[in-house]
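Below: the structure, in structure tokens.
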Amino acid sequence: MPMEKTFDAQTAEPRIYKMWEDAGAFKAGANASRDETFCIMLPPPNVTGHLHVGHAFNHTIMDMLTRWKRMQGYDTLWQPGLDHAGIATQLMVEKDLAETGQPKRVDLGREKFLEKVWEWKAAKGGQIEQQARRLGDSMDWSRSAFTMSGAESAPATEKPGNFHDAVLKVFVEMYNKGLIYRGKRLVNWDPHFETAISDLEVENIEVDGHMWHFKYPLAGGETYEYVEKDEDGNVTLREVRDYISIATTRPETMLGDGAVAVHKDDERYAPIVGKLCEIPVGPKEQRRLIPIITDPYPDMDFGSGAVKITGAHDFNDYEVAKRGGIPMYALMDTKGAMRADGKPYVEEATTAQAIANGEMEFDEAMIAAMNMVPEEYRGLDRFEARKLVVEDITAEGNAVMTTKMVKNEEGEEVETTVPYVEDKKIMQPFGDRSKVVIEPALTDQWFVDTAKIVGPALDAVKEGRTKIMPESGEKVYYHWLENIEPWCISRQLWWGHQIPVWYGPSMESNADGSRSFNVSKLHMVCAATEQEAQNEFESLYGFKPEIIEGAVSPAQALIDGFAAVQAGKNENAAIKIFRDPDVLDTWFSSGLWPFGTLGWPEDTEAMKYFPGDVLVTGQDILFFWVARMMMMSQAVLEQDPFHTVYLHQLVRDAKGEKMSKTKGNVIDPLDMIDLYGADALRFSNAQMAALGGVLKISEDRIKGYRNFSTKLWNAFSFAEHYEISYPGDAIRPEATQTLNKWIIGETGKVRETVDAAMEAYRFNDAADALYAFTWGKVCDWYLEFSKPILQGDDASAKLETEQTLRWVLDQCLILLHPIMPFITEELWGLADNRTKMLAHADWPTYTANELIDADADREMNWVIGLIDNVRSARAQVHVPAGAKVPVLVTGLDAKGQSAWDNNHVLIQRLARIESLSHVDDFPKGCVTIPMEGGTFGIPLADLIDVGEEIARLEKTMQKLGKELGGLRGRLNNPKFVASAPDEVVAEAKANLALRENEEAQLKAAIARLQEIG
RNA sequence: GGGUGAUUAGCUCAGUUGGUAGAGCGCUUCCUUUACACGGAAGAUGUCGGGAGUUCGAGCCUCUCAUCACCCA
């Protein structure tokens, strides 16, 4: 069947992929001929995910590496899988429930909701795995892993797996080693999802905000002299004040203030440090008084220099409050509204005052229970509360005032007094998924004590065991890890790995030797299973406690149940335990990806792929994931998970802008595949993969590489056209023909270049080299050169050329396969009888040294040079393209003569030369072509425009002159000759000789022409 | 404010120990010549962001300024 005119990617690609998959071509260890393993872990996409250009890019890199190693006979595994993606998936399913009119999550309850999530996953999750096949990804799909596999809630229809076991085992071990702890800390709280999130999930965005200035009156109407000075110490303001001025962007948090802080060197406030001031909001009778303290935190030059300290609502204040033992009053509920629980404000304020006065001891739990929000603000949204607080303070006259020019009713400018409110750009934290303003919240959470496990991960890079590419990533890595914060790993979600910790009442020994339960103080047991937890409680209690299930607040259920039963004195019946309702941060489980996917903690055969080799991922995920995998692998297995981290930038559009739906500049990789084929998209990806480079995807480029595919295709139709038989794998002939020797040498060069580039992760160099070789060498020159031989009647030359051509084309397919797997596999299959499919073909190991024939190389380059020069000269003096011309030559040396003799058929054909005659002198009106070893000329006395030809030669002379100037300048400089390396000097000298010869020829040619003119 | 990177042909970008600038696209001219018009041939275009320094020699190293991008406060 004759070849189609072009490669039909649309129909061929799915067919070829199916062939690979059916043949098990990508299974772990497929085509392995040696023991060394090569393993890449796919960064697991969210189960909700779709393939975007970023995936397309990094999949191309990973697939290139994997296919390359597989062809080299390594025992390869490219491990795929999906991430359960806590928040994203829970959100998606909740949305789905709403759209299909089903009950809400909270109405369903935990168990039913999780069923729905699993149902959703089975029906709609993991679409990206099908999309990845369209890219040609050579992953072992049979091993596809899921970060929630083996979870208690997983239905029987789910693919089996034990990732959940790995997660729980690691949690329990780390807990037992003291690497995981629970504590009340200020965390980033997402009021939309009502969960804590990690620092990394917060995006700080600059928004237009306001800075309000308020007066905090001093207690008891006290006054002090407030003095402001300029830089030189001159007094610029001196007044008596009965207040301290505070600037804030968040007035609603004033209700939770515990102190006002000033810098200890701030002379302005020195007289009032240690005194009390009043929070100017809330019912007048219960105004709280708070102390004025010193702390290094306040910046004397910013605002008024005095800062209100609200430990429960700001990360900086939190640190100040911890240092100063200042109570931290939480003001908001989980939705970011002002608290409505607790005792009436009057009572709370009285207690708080006693604390502030130092009359009362306090502890964390007690402060946490107190609601310092006055009744009039309770239940309000935080932003509404802000408005109201500002209004109330202003109405009472406690806003700092300033003057401003405004127009009155008559349109005249008049001065008026207004509250001092600065318009200010402020950095506001937003949830990266919810897009709502994040609220620092003081809550009980689980943390990984990262400071304790960061060491080995840092050393891995510092000691070079793990290399980050590009190198600049290493600095960023150090900076983050050296300043690492505890990692908050608990999330108040349902979809995820539920924390394996159970709580029950603590047991207290009484003075009389009896023991009693305390339900307000809980005992905590961490265990891999419910059974183990119950057993442990049994050994403490002396009986096996039941487990509280399904309660909205299990802790409260325990207390209520206890009180009820205690009244009837049967304590044991009321002693129940409950599991921590929180789930783990998704990144906690993905941190275990490098070994969790291989069946760990079981001792599986697949564990031979750990540690893996290369991790390819976006720069933005270095901390989220890469650093955590490195820490966790060391913490659990005491090994580094990979030796190389290849980081790439975000893929942008052709103009370098981020793609976004709102901007409408999103490029869908699947559209590109539909239009130009996966190979074109992949080639474009490889070509833009310059280390550390900005990734701008351009449809024009992709189109260009589709054209390249077609070029390759046509090289094979060339072979078909010349009826070159293709019985099976081509064997490299011992070439005698110069052109065959030459192209074989070029193939050796490109193989080395490609391997060197791949080894150095310079995929763009590999792609460029292959493009230049296939198109620029093979198609442009070799195929053209081969024509006369293929059409000629020298049977042995013809046979050798056919063999060489087949071999060279085979090499193109093999070397291009990692980048363009589809079209190369298709072309490979055109041969009658292949030993293996191309995906498993043997990667060549020949070297340029072995294959290059220096004489052939020199000769062919001379031939190409001559053809180029003749063509160029013809075009410039407007010789009709079709016309064949006679050519003259003077002073042709032996080498030149033999080069001509060996290749004159090719030269004459490609340069359209009719004949060559040796002459002593060129006739007048002759186009001159200086070559190494002889000067060629085209006699065109009648056709030639003398002026034009002189202009042409002079232009060449000019260029030459520049080069000569440089060379002579260098060589005449004794310091250059003295200090430059010998080979550089020798090269310059040789070059100079060559150029001078050319110059002489050109001069002679110009002189001849001037004779005519 | 701190950090990282960028600034090279009209556009998008390469340029690995310093040896005198390249690719693709686009553009101009010619060509439907028996693999290929998704093609062939020829051609034009750069004070390598500005300035200074080190060096025989700087796109590359150092300093400085400017502009932009991203990350973190």
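Predicted model, so just to flag it, every value in this text is computed and none were measured. First the proteins, then the strands, lettered A, B, ... as listed; each starts at 1. Any value given below was found using the heavy atoms of this structure, including those in side chains, with hydrogens, waters and symmetry copies removed.
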Within the pair A:Lys5 and B:A35, is there a side-chain N or O less than 4.0 Å away from OP1 or OP2?
-> no
Atom CD1 of A:Ile468 and atom P of B:G5: how far apart are they, to the nearest Å?
-> 14 Å
Closest to the side chain of A:Glu784, out of B:C38, B:G24, B:C36, is B:C36
Please indicate whether A:Lys975 has more than 12 foreign heavy atoms, meaning atoms of other residues, nucleotides or ligands, lying under 6.0 Å from its NZ.
-> no
Do any N or O atoms of the protein come closer than 3.5 Å to N or O atoms of nucleotides 19-21 of chain B, and which pairs are they?
| from | atom 1 | to | atom 2 | distance (Å) |
| --- | --- | --- | --- | --- |
| B:U20 | O4 | A:Arg970 | NE | 3.0 |

Name all stems that contain residues of RNA chain B, defined as runs of 3 or more consecutive Watson-Crick or G-U wobble pairs, both distances under 3.5 Å.
-> B:1-7 with B:66-72, B:10-13 with B:22-25, B:27-31 with B:39-43, B:49-53 with B:61-65
Expressed in angstrom and rounded to an integer, what is the separation of A:Lys711 atom NZ from B:C38 atom P?
-> 12 Å
Roughly how far apart, to the nearest Å, are B:G18 and B:G59 at atom C1'?
-> 10 Å
Note: A:Asp314 and A:Leu186 closest approach over all heavy atoms is O-CD2, 3.3 Å
B:A42 to B:G5 separation - P atoms, rounded to the nearest Å = 42 Å
A:Glu746: what forms a salt bridge (Lys or Arg N to Asp or Glu O under 4.0 Å) with it, not counting sequence neighbours?
-> A:Lys749, A:Lys777
On a whole-Å scale, what distance lies between the C1' atoms belonging to B:G3 and B:U20?
-> 35 Å
Got a donor-acceptor pair under 3.5 Å from the side chain of A:Arg706 to the base of B:C38?
-> yes
Are A:Asn714 and A:Ser717 close enough that a side-chain donor and a side-chain acceptor fall under 3.5 Å?
-> yes
Does a sphere of radius 6.0 Å around CD in A:Glu723 hold more than 12 heavy atoms from other residues, nucleotides or ligands, not counting ones at 6.0 Å or beyond?
-> no
A:Trp775 vs B:G40: side-chain N/O to OP1/OP2 distance below 4.0 Å | yes
Closest to the A:Asn714 side chain: B:A35, B:G40, B:C56?
-> B:A35
A:Leu809 CG to A:Leu827 CG distance, which is reported to the nearest 0.5 Å | 9.0 Å
Classify the ring geometry between A:Trp775 and A:Phe708 as parallel (under 30°), tilted (30 to 60°) or perpendicular (over 60°).
-> parallel
Rounded to the nearest 0.5 Å, how far apart are CD1 of A:Ile864 and CD1 of A:Ile907?
-> 10.5 Å
How close or far is atom P of B:A37 from atom NZ of A:Lys703, stated in whole angstroms?
-> 15 Å
To the nearest 0.5 Å, what is the distance between CD (A:Glu826) and CZ (A:Phe716)?
-> 11.5 Å
Nearest of B:U16, B:C25, B:A41 to any side-chain atom of A:Asp765?
-> B:U16
Starting at CD1 of A:Ile743, measure out to CZ of A:Phe773 and round the result to the nearest 0.5 Å.
-> 4.5 Å
Expressed in angstrom and rounded to an integer, what is the separation of A:Asp768 atom CG from B:A14 atom P?
-> 11 Å
Between A:Asn707 and A:Asp700, name the one whose nearest nucleotide on RNA chain B is closer to the 5' end.
-> A:Asp700
For the pair made of OH in A:Tyr771 and P in B:A14, what is the distance, rounded to whole Å?
-> 18 Å
Enumerate donor-acceptor pairs with a distance under 3.5 Å from any side-chain N or O in residues 675-688 of chain A to protein atoms, sequence neighbours excluded.
| from | atom 1 | to | atom 2 | distance (Å) |
| --- | --- | --- | --- | --- |
| A:Tyr676 | OH | A:Glu699 | OE2 | 2.8 |
| A:Asp679 | OD1 | A:Phe822 | N | 3.1 |
| A:Asp679 | OD2 | A:Ile823 | N | 2.7 |
| A:Arg682 | NE | A:Ile819 | O | 2.9 |
| A:Arg682 | NH1 | A:Asp63 | OD2 | 2.7 |
| A:Arg682 | NH1 | A:Leu135 | O | 2.8 |
| A:Arg682 | NH2 | A:Asp63 | OD2 | 2.8 |
| A:Arg682 | NH2 | A:Pro818 | O | 2.8 |
| A:Asn685 | ND2 | A:Ala56 | O | 3.3 |
| A:Asn685 | ND2 | A:Thr60 | OG1 | 3.1 |
| A:Asn685 | ND2 | A:Leu681 | O | 3.4 |
| A:Gln687 | OE1 | A:Arg701 | NH1 | 2.3 |
| A:Gln687 | NE2 | A:Asp768 | OD1 | 3.1 |

Does A:Ser872 put a side-chain nitrogen or oxygen below 4.0 Å from OP1 or OP2 of B:A41?
-> no
Comparing nearest nucleotides in RNA chain B, the 5'-proximal residue of the pair A:Ile867, A:Phe708 is A:Phe708
Ignoring the backbone of A:Asp868, work out which of B:C38, B:A35, B:A42 is nearest its side chain.
-> B:A42
Could you check how far CD of A:Glu699 sits from C1' of B:C25, rounded to whole Å?
-> 13 Å
Taking the same atom, P, in B:C27 and in B:C38, what whole-Å distance lies between them?
-> 14 Å
Tell me which nucleotide among B:U12, B:A42, B:A41 gets nearest to the side chain of A:Arg701.
-> B:U12
When rounded to whole Å, the NZ to C1' distance for the pair A:Lys777 and B:A23 reads 14 Å
For the residue pair A:Gly431 and A:Ile438, what are the closest heavy atoms and their distance?
-> N-CG1, 3.3 Å
From B:C36, B:G24, B:C38, pick the nucleotide closest to the side chain of A:Thr710?
-> B:C38
Contact class for A:Arg762 (heavy atom, under 4.0 Å): base, sugar-phosphate, or nothing?
-> base
Among side-chain atoms of A:Asn740 and A:Thr801, is any donor-acceptor pair under 3.5 angstrom?
-> yes
Separation of A:Phe773 atom CZ from B:G24 atom P, in whole Å?
-> 17 Å
Is the shortest side-chain N to carboxylate O distance from A:Arg806 to A:Asp810 below 4.0 Å?
-> no
B:G49 versus B:A66 - spacing of their C1' atoms, nearest Å | 8 Å
A:Tyr761 and A:Phe763 aromatic ring geometry - parallel, tilted or perpendicular at 30°/60° bounds = perpendicular
Residue-level proximity of residues 801-813 of chain A to RNA chain B when a heavy atom falls under 4.0 Å = none
Could you measure between the two C1' atoms, the one in B:A21 and the one in B:A9, and give it in whole Å?
-> 10 Å
Give one of base, sugar-phosphate or nothing for A:Asn764, where a contact means two heavy atoms less than 4.0 Å apart.
-> sugar-phosphate
Can you tell me, in whole Å, how much space there is between the C1' of B:C68 and that of B:G50?
-> 15 Å
Can you tell me, in whole Å, how much space there is between the P of B:G40 and that of B:C25?
-> 9 Å
Show me the protein contacts with nucleotides 30-34 of chain B, counting only N or O atoms at under 3.5 Å.
| from | atom 1 | to | atom 2 | distance (Å) |
| --- | --- | --- | --- | --- |
| B:U34 | O2' | A:His721 | NE2 | 2.8 |

Taking A:Arg874 for its side chain and A:Ala911 for its backbone only, find out whether a donor-acceptor pair lies under 3.5 Å.
-> yes
If we ignore angles and hydrogens, is there a donor and acceptor under 3.5 Å between the side chains of A:Gln791 and A:Tyr722?
-> yes
